[in-house]
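Just the heavy atoms: all of them, side chains too, but no hydrogens, waters or symmetry mates, feed the values below. Residue numbers start at 1 and run along the sequence shown.
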Amino acid sequence: MNKYSDSIKSVLLPGFLHSYSMVFFAKDVWFGLLLLLVSFVNPIAGFVGMLSVLITLCFALIMGFSKEYTGNGLYGFNSMMVGLGLGTFFQITPMFLIVVVFASLLTFGLTIVLSGWLSKYGLPFLSLPFVLGFWLMLLATREFSVLEHSQRSIYWMNELIAVGGDRLFNFYTMMDGLPLPVWLKGYLVSLSAIFFQENIITGALISIGILYYSRIAFSITLISYLSACAFGYFSGISAEGLNYYNLGANFILTAIAIGGFFLIPAASSYLSVILLTPVITFLLVGVSVLMKQFQLPVYSLPFSLTVIFYLYFLANRVKSKFIVLTPLQYFSPEQNLYRFKNNSERIRDGKFVNLSVPFYGEWMVTQGYEGSVTHKGEWSKALDFMLLDEEMRTYSDYGINLENYYCYNKPVLAPGDGIVEELVDWVPDNPVGKMNIDRNWGNALVIRHATGLYTKVTHLKLGSFKVKVGDYITKGQWIANVGNSGRSPEPHLHFQIQETPYIGSKTKEYPFGYYIVRKNSSFVLKNYEIPEEGELISNVFISPMMSQAFKFQPGQVTRYRYVNAEGKEVDETWEAAVDNWNSQYLRCKETGSVAYFVNNGTLFYFVSYIGKGKDLLFYFYKSAYKVLLSYYQDLVIEDNYPLHLNNSGLNVLLQDFVAPFKLYLKSKYVNRCHFIDDIYAPSIIQISGFASQKNLNKPEHNESFELTIKSNRVDEFVFKSELFEIKAICID
């Protein structure tokens, strides 16, 4: 019994409401509830639509189809539209109810088939199951003499009176008599037509729902409607071709799909919506002429075809420079945009191979990119490194002998995993002040890390190589020693990245993954950047205790006890897991919320949080948003939260409207290591920080946190806001 009640609570109920909101690409129960109520302006149609959804969702659960798709409403919204259509055009009879059952199952079957076919190409099925299913039912029911056609769609005011009596009728009359601009009335009626109605009240309620769900979606629907009207006016299309239903179900739905759902909202996606207006119009008119011989309306077919064709067109590009397909769907244009922008700025692990600097300790970049000495032309994207003492000298004594130079004979490390492609080990070291211009690179080694990505280290010491051609080597492995061979007047290490495996290949601009820059007595973490000439750089020292504390292995269970904002003592259990795409996450057993994270050996950082935002996992997500697995004096770690995370109220609502064009709100994360009991063998490390919201460059600090690392775990953490304070203690 518990199994069935859990399915009803977690899948059937949200899936039922999401089946309504999914018509507008939303996964929102409140918007779905509003649309459910709106559908009952025509009570018979509303009832049949609701019945169709319930039949479809129950059948999907019984037959064992995806609970995720069922709960998201992806299986139900097409059946709901078929039900609304049948309820609008037919009278309820026993035979009609049988037709509804099989129409719902037929539409669900079409959904499964079309989903399976189109998903192979990464394309959505949209409303194709509704169009095909409704067409088949309309054609078939012409032969069913027992079915009675309804006049509700013509005399719909009778239904309005039946629902709300004279009060609702008078209210509608008042609304219809308001001195609204013609375009606004047309926009509202077009929205209502998507649900087979044509009245201002329904349209106004739907528009309020869209505005609540997404400001971006609301603005793009207005732009699309006006674009369609303008193109229709100047092209002379008949009123029949651009009726209210076509404006709503084709132009407006295309606007939401392209303007903010399948594409990241931006000026380019808005422009796409405007430029697609003629395409939708041509399809609308052309398919209408074609279907007239079957006496069938086109419904939302032009919308589905336009979106599918355009997405397939974009998916076949080699580079997505201006128009970006949504990489991960959050069913909200704002969240799609804010999370994409945030992850694009902060997450680079997937864009580059994580290369480390090729030496132990701290070295200076003595010649950088476009260097004034030898880094010229096709070989300008290179770096020279040398060891210096406290007086900024490269040698001891008088620097007469090679052994006087600090970097001479020091180990050279592999910057990343790879295979040794080429190696030269026969050029003798030069005396100090001399150069071998005939053998420019001297002794050298080339490593292949990936297709089209090679690193080369040169001027190495003769006979110092620890590897040979064909060897597989690992990041940080000792491969040779620094020498003074080739065009090198004094010992130094030359490093470059290239696209081909040859000793003399031209250079390629490419960053190191993570490294530390020391400026006087302070340290700065660099993240996928290129060192500059004159900088003192080193690899990041990794603390074993920090590394272990944030090493959440799949299956690992962590429990915390805390007093929540209501003053109740609560235990919360997190389990680490890996999904089908090898993404790691923490899942709260009590609330079901999920926080995805990355641990790349240098940094621990969260990628996203999915949940209600009121559990302990959410506050841990905000506190440990980005943590360096080390400790350096005065080193500050900075990052940005997704915009929707800390901002609310009027500010974020206004930001939503202009977000595709400009982001002016900021939500900053800052932390630093403020206490270590023993710098050489610490048993306690404390990290503190704060969240800073910026509105038009005016910072406001209203949240702070402190993490205590002890016994190789996050032993406790404290999160403070203006309204409450939470202290959580690990009780494993």
Side-chain angles (χ1 to χ4, degrees), residues 351-360 363 365-371 373-386 407-430 435-488 491-515 528 530-531 537 539:
K351 297 179 181 179
F352 302 100
V353 173
N354 184 356
L355 300 176
S356 61
V357 296
F359 44 74
Y360 294 121
W363 296 44
V365 181
T366 53
Q367 187 179 190
Y369 280 20
E370 312 289 344
V373 184
T374 56
H375 297 172
K376 303 290 186 181
E378 293 183 340
W379 299 276
S380 63
K381 312 301 182 185
L383 299 166
D384 286 344
F385 299 107
M386 299 180 75
C407 66
Y408 183 71
N409 206 30
K410 292 296 187 293
V412 178
L413 311 179
D417 297 347
I419 296 173
V420 178
E421 285 285 324
E422 192 167 352
L423 183 153
V424 172
D425 186 20
W426 51 269
V427 182
D429 285 333
N430 306 313
M435 293 188 295
N436 186 345
I437 59 175
D438 294 328
R439 302 297 177 190
N440 182 72
W441 303 108
N443 299 313
L445 186 146
V446 177
I447 306 169
R448 172 166 58 89
H449 303 285
T451 302
L453 182 66
Y454 301 82
T455 57
K456 182 177 73 173
V457 284
T458 64
H459 310 309
L460 305 175
K461 183 182 179 184
L462 177 65
S464 69
F465 288 83
K466 314 298 180 184
V467 296
K468 61 183 182 299
V469 173
D471 282 357
Y472 180 81
I473 57 180
T474 58
K475 185 176 182 178
Q477 182 177 334
W478 184 3
I479 55 176
N481 292 356
V482 176
N484 195 43
S485 57
R487 190 178 175 183
S488 176
H492 72 282
L493 178 64
H494 175 95
F495 176 87
Q496 68 182 55
I497 297 173
Q498 52 197 51
E499 295 181 343
T500 53
Y502 311 113
I503 294 293
S505 297
K506 64 182 181 181
T507 57
K508 172 186 176 68
E509 183 174 332
Y510 203 87
F512 285 116
Y514 300 94
Y515 60 96
Y528 288 98
I530 296 167
I537 74 169
N539 280 307

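Taking NZ of Lys461 as the reference point, atom CG of Asn481 lies at 6.5 Å (rounded to 0.5 Å). For the atom pair CZ of Arg448 and OG1 of Thr455, the computed distance is 11.5 Å after rounding to the nearest 0.5 Å. The OG1 atom of Thr474 sits 10.0 Å away from atom CG of Leu413, with the distance rounded to the nearest 0.5 Å. With rounding to the nearest 0.5 Å, the separation of CG in Leu453 from OG1 in Thr500 is 11.5 Å. To the nearest 0.5 Å, atom CG of residue Asn409 and atom OG of residue Ser464 are 7.0 Å apart. Here Asn436 contributes atom CG and Arg487 contributes atom CZ; the two are 11.5 Å apart, rounded to the nearest 0.5 Å.
You'll find the ring centres of Phe359 and Phe495 outside the 6.0 Å limit.
Between His449 and Pro415, the closest side-chain pair of non-hydrogen atoms falls below 4.5 Å. No side-chain heavy atom of Ile479 sits under 4.5 Å from any side-chain heavy atom of Lys466.
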Handout entry: Leu383 and Phe512: CA distance, side-chain angles, deciding distance, side-chain contact (heavy atoms from CB on, under 4.5 Å) verdict
Key = CA-CA 11 Å; Leu383 299 166; Phe512 285 116; 3.7 Å; yes

Exercise for the section: Go through Cys407 and Trp363 one step at a time and tell me if the side-chain contact (heavy atoms from CB on, under 4.5 Å) criterion holds. Expected result: CA-CA 9 Å; Cys407 66; Trp363 296 44; 3.6 Å; yes

Handout entry: From CA spacing to verdict: side-chain contact (heavy atoms from CB on, under 4.5 Å), Val412, Trp478
Key = CA-CA 6 Å; Val412 178; Trp478 184 3; 5.7 Å; no

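Around atom NZ of Lys506, no more than 12 heavy atoms belonging to other residues, nucleotides or ligands sit under 6.0 Å away. Within 6.0 Å of the NZ atom in Lys468, the count of heavy atoms belonging to other residues, nucleotides or ligands does not exceed 12.
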Please tabulate, for side-chain N and O atoms in residues 437-447, each donor-acceptor pair with protein atoms closer than 3.5 Å (sequence neighbours left out).
unit_1	atom_1	unit_2	atom_2	d
Asn443	OD1	Trp426	N	3.0
Asn443	OD1	Val427	N	2.8
Asn443	ND2	Val427	O	2.7
Asn443	ND2	Leu460	O	3.0

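Remark: the backbone N or O of Gly504 is paired with a side-chain donor or acceptor of Trp379 at under 3.5 angstrom. In terms of modelled atom types and a separation under 3.5 Å, the side chain of His375 and the main chain of Gly368 share a donor-acceptor contact. Under a 3.5 Å cut-off, the side chain of Lys475 and the backbone N or O of Asn354 do form a donor-acceptor pair. Side-chain atoms of His459 never come within 3.5 Å of backbone atoms of Gly483 as a donor-acceptor pair (strictly under, hydrogens ignored). With Gln496 contributing its side chain and Thr458 its backbone, the two residues share no donor-acceptor pair below 3.5 Å.
Closest approach of Asp429 to Tyr408, counting heavy atoms only: OD2-OH, 2.8 Å. Among all heavy-atom pairs drawn from Phe385 and Pro358, the shortest one is CE1-CD, 4.4 Å. Taking all atoms of both residues into account, the shortest heavy-atom contact from Val467 to Ile473 is CG1-CG2, 3.6 Å. In this structure, Ala414 and Ser356 approach most closely via the heavy-atom pair O-OG, 4.1 Å. Among all heavy-atom pairs drawn from Pro501 and Tyr454, the shortest one is CB-CE2, 3.5 Å. Heavy-atom minimum distance, Met435 versus Asn430: CA-ND2, 3.8 Å.
Not counting sequence neighbours, the partners of Lys381 by the side chain to side chain contact (heavy atoms under 4.5 Å, CB included) test are Tyr369, Glu370, Thr507, Glu509. Every residue meeting the ring pair (Phe, Tyr, Trp, His ring centres under 6.0 Å) condition with Phe352, not counting sequence neighbours, appears here in chain and number order: Tyr510, Tyr528.
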